[in-house]
Amino acid sequence: MKRRDVVRMSDAEVDAFLHERHTMSCASIAPTGRIHLVAMWYGFVGGDLAMWSFRKAQKVLNVQRDPRATWMVEDGDDYAELRGVELAGTVEIVDDPEYVKELGWSLQERYLGITRPADTGGGVERFLEDQATKRVALRMRREHVASWDHRKLGGTY
């Protein structure tokens, strides 16, 4: 069996890995043709993997011009521990404040440990309402997924 087949994650493993708390590297195509690469927190709205950004951010302008992108999430310090997922596809800009706010809640929960308050008029709620008017969501429509989990090699190279 090829090593590539050994380290490949199943769809369920990819989904579980992406739902862990990681930072995502997001590559889009800059106006110069170079790759514009940024590290971003990401979240989920329904089954969508997405990130948010200010409307005038370079990554948003890049996607407006050319929606092709590659996003990568990786983990591990030693070769035997390396694992990751590369997602390539088309990025959609979602300018729906309710969707952006829902994504904001996902980010608050995943990265800051802030859960939705019973009183939706709280400070986080107001913050997200405000941010939803300034930001858009970038949602990946996956066309290709590559994955690797070197832990499956059992410590061999």
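Nothing fancy with the numbering, it's 1 onward along the sequence. No hydrogens, no waters, no symmetry mates; every other heavy atom, side chains included, goes into these values.
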N-O pairing of [X] and [Y] below 4.0 Å:
X      : Y      : result
Asp5   : Arg8   : yes
Lys101 : Glu129 : yes
Arg126 : Asp130 : no
Asp48  : Arg141 : yes
Lys152 : Glu13  : yes

Distance in Å, [X] [atom1] paired with [Y] [atom2], rounded so as to fall on 0.5 Å steps:
X      : Y      : atom1 : atom2 : value
Arg110 : His19  : CZ    : NE2   : 7.0 Å
Gln108 : Gln131 : CD    : CD    : 9.0 Å
Asp15  : Phe44  : CG    : CZ    : 6.5 Å
Leu82  : Arg151 : CG    : CZ    : 10.5 Å
His144 : Thr70  : NE2   : OG1   : 8.5 Å
Arg135 : Asp95  : CZ    : CG    : 13.5 Å

_Tyr42 six-ring face occupied by Arg21 cation (under 6.0 Å, within 45°)_ = no
**OP:** Answer yes or no on whether Arg139 is positioned over the face of Tyr99, meaning its NZ or CZ is under 6.0 Å from the six-membered ring centre and within 45° of the axis.
**Re:** yes
Between [Y] and [X], is there a side-chain heavy-atom distance shorter than 4.5 Å?
X      : Y      : answer
Glu86  : Val145 : no
Phe54  : Lys134 : yes
Met24  : Leu49  : yes
Val124 : Trp105 : yes
Asn62  : Pro31  : yes
Ile29  : Arg68  : yes
Leu153 : Val6   : yes
Val45  : Ser106 : no

In terms of hydrophobic clusters joined by side-chain contacts under 4.5 Å, are [X] and [Y] together?
X      : Y      : answer
Met72  : Val14  : no
Val63  : Leu61  : no
Ile114 : Phe127 : yes
Val73  : Leu87  : yes

Distance-minimising heavy-atom pair for [X] and [Y]:
X      : Y     : result
Leu103 : Ala50 : CD1-O, 3.7 Å
Thr23  : Ala39 : CG2-CB, 3.8 Å
Val60  : Ile93 : O-CD1, 3.9 Å
Ala132 : Pro97 : CB-O, 3.5 Å
Cys26  : Met51 : SG-SD, 3.5 Å
Leu107 : Gly43 : CD2-N, 3.8 Å

- prompt: Should we count CZ of Arg34 as having more than 12 external heavy atoms under 6.0 Å?
  reply: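 Atom CZ in Arg34 is not packed in, count stays at 12 or less.
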Exercise for the section: Mind running salt bridge (Lys or Arg N to Asp or Glu O under 4.0 Å) on Arg83 and Glu20 for me, showing each step along the way? Expected result: CA-CA 12 Å; Arg83 56 194 183 121; Glu20 293 174 9; 2.8 Å; yes
Would you please classify the geometry between the Tyr111 ring and the Trp41 ring as parallel, tilted or perpendicular, with 30° and 60° separating the classes?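 Plane angle under 30°, so parallel.
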Could you tell me whether a side-chain N or O of Asp78 sits under 3.5 Å from a main-chain N or O of Ala80, the two making a donor and an acceptor?
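Between the backbone of Ala80 and the side chain of Asp78 there is no qualifying donor-acceptor contact (under 3.5 Å).
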Report task. With sequence neighbours excluded, tell me which residues meet side-chain hydrogen bond (donor to acceptor under 3.5 Å, both in side chains) with Glu109. Result ->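 Once residues adjacent in sequence are excluded, the partners of Glu109 under the side-chain hydrogen bond (donor to acceptor under 3.5 Å, both in side chains) criterion are Arg116.
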Margin query: Could you check, using the six-membered ring where one of them is a Trp, whether His22 and Phe17 have ring centers closer than 6.0 angstrom?
Written below: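 For His22 and Phe17, the ring centres are under 6.0 Å apart.
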Checking side chain to side chain donor-acceptor pair (under 3.5 Å) for the pair Lys59/Ser28: CA distance, chi angles, key distance, verdict? CA-CA 6 Å; Lys59 64 189 139 312; Ser28 58; over 6 Å; no
